[in-house]
Asks: 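Mind having a look at this structure? Questions to follow.
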Amino acid sequence: MTTDPDRARDLRRRRMHERQAGIFGLLLAGLAVAGIGSAAVFSGAVELPFLARDFSTATPTPGVGSIVPCPPTGALPVAVGEVTVNVYNGSNASGLASSTANSLTERGFAVATVANATLRLGDAARLSFGASGVAAAYTLAAHLDNPVMVLDERQDATVDLIVGERFNDLLAADEVTLDPAQELVGAAGCRPVEEVVPAPAPSVASSSEPGAEDIPADEEPLEGEVVVEGE
């Protein structure tokens with residue numbers, strides 16, 4: 001014979017099972033409704049106002065190396081003796097800036113500073129210059145293998161050459177295709193200089209006489225970044 005405590009326990013179990021069955025039923029029904037709704041939206045049968053608008057990607061801000069300025073209209077190559085170059089070692093190779101400065105001097109360029117960049121550069125070479133030095137930078141670029149070109153805020157016509165980890169040497173003299181009597185040709189995709197947003201102008205970290213041994217920096221940069229500390 002079933003006692004009263006047994007009957008009460010059976011009733012409690014039955015009610016618990018009924019509640020669980022009800023909860024699971026509601027969950028399954030909710031999942032079914034969500035699935036049907038998602039399928040309807042995906043197929044286009046149902047349109048939701050907040051999903052109807054087009055999604056867009058923010059327009060990238062011109063930055064370091066992203067947009068190259070074109071040479072001024074009608075600009076001719078600058079005489080190498082009038083191109084003042086600051087050479088910085090952005091690699092892990094000791095003496096690279098000095099040897100590069102010597103090669104530039106042999107070709108007639110005016111080398112002003114030989115120093116270390118405070119961080120290493122992953123690119124082969126990078127030219128930094130201001131609006132007044134665009135023609136000078138293109139003249140120097142003709143002696144290099146596809147350097148990265150960066151417009152900065154400096155006011156003079158000097159050009160900074162940072163030699164990086166993948167830099168080997170200047171192009172051979174017979175590979176320099178630059179006609180002093182022909183207008184400079186802009187890089188692919190270049191824009192008028194007034195349309196290019198300049199990067200902050202770097203300053204010299206440390207300097208030495210041209211030809212002195214330079215010691216490579218110890219810190220790693222963000223990829224492609226060169227940072228030169230102020231004096």
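Any value given below was found using the heavy atoms of this structure, including those in side chains, with hydrogens, waters and symmetry copies removed.
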Asks: Counting C-beta onward and ignoring hydrogens, is there a side-chain heavy-atom pair between Val87 and Leu104 closer than 4.5 Å?
Replies: yes
Asks: Should Tyr138 and Cys190 be marked as a side-chain contact (heavy atoms from CB on, under 4.5 Å) after you check the CA-CA gap, both sets of side-chain angles, and the distance that decides it?
Replies: CA-CA 12 Å; Tyr138 270 94; Cys190 70; 4.1 Å; yes
Asks: Please name the pair of heavy atoms, one in Pro147 and one in Leu127, separated by the smallest distance, quoted to 0.1 Å.
Replies: CG-CD1, 4.1 Å
Asks: Just how far is it from atom CG of Asp145 to atom CZ of Phe167, taken to the nearest 0.5 Å?
Replies: 9.5 Å
Asks: Looking at every non-hydrogen atom in both residues, tell me the closest pair between Ala75 and Ala135 and how far apart they are.
Replies: CB-CB, 4.5 Å
Asks: Test Leu140 against Val85 for side-chain contact (heavy atoms from CB on, under 4.5 Å), laying out the working first.
Replies: CA-CA 9 Å; Leu140 177 56; Val85 187; 3.9 Å; yes
Asks: Out of curiosity, Thr113 OG1 to Leu161 CG, how far, rounded to the nearest 0.5 Å?
Replies: 12.0 Å
Asks: Out of curiosity, does Leu76 fall in the hydrophobic cluster containing Val193 (side-chain heavy atoms, cut-off under 4.5 Å, transitive links)?
Replies: no
Asks: Kindly compute the distance separating CZ (Arg107) from CG (Asn102), expressed to the nearest 0.5 Å.
Replies: 13.0 Å
Asks: Taking only residues at least two apart or on different chains, which pairs with a member in residues 173-193 satisfy side chain to side chain donor-acceptor pair (under 3.5 Å)?
Replies: Arg191-Glu195
Asks: Can you measure from OG (Ser91) to CZ (Arg120) and round to the nearest 0.5 angstrom?
Replies: 8.5 Å
Asks: For Asp156, check side chain to side chain donor-acceptor pair (under 3.5 Å) against everything at least two apart and list the hits.
Replies: Thr158
Asks: Name the residue from Val148, Asn146, Ile162 that meets the side-chain contact (heavy atoms from CB on, under 4.5 Å) definition with Asp123.
Replies: Val148
Asks: Are the charged groups of Arg154 and Asp160 less than 4.0 angstrom apart, N to O?
Replies: yes
Asks: Taking all non-hydrogen atoms of both residues into account, name the closest pair between Ala187 and Val68 and its distance.
Replies: CB-CG1, 4.2 Å
Asks: To check you understand the geometry: which heavy-atom pair defines the closest contact between Ala112 and Thr84, and what is its length?
Replies: CB-CG2, 3.7 Å
Asks: Can you measure from OG (Ser103) to CG (Leu170) and round to the nearest 0.5 angstrom?
Replies: 5.0 Å
Asks: Of the non-hydrogen atoms in Val114 and Ala101, which two are nearest, and what is the gap between them?
Replies: CG2-CB, 3.6 Å
Asks: Looking only at heavy atoms, which two atoms of Pro71 and Gly186 are closest? And how far apart?
Replies: CD-CA, 3.4 Å
Asks: Enter the distance from Arg126:CZ to Leu144:CG here, rounded to the nearest 0.5 Å.
Replies: 13.5 Å
Asks: For Thr139, run the side-chain contact (heavy atoms from CB on, under 4.5 Å) check against Val78, Val134, Val176, Val159 and tell me which one passes.
Replies: Val78
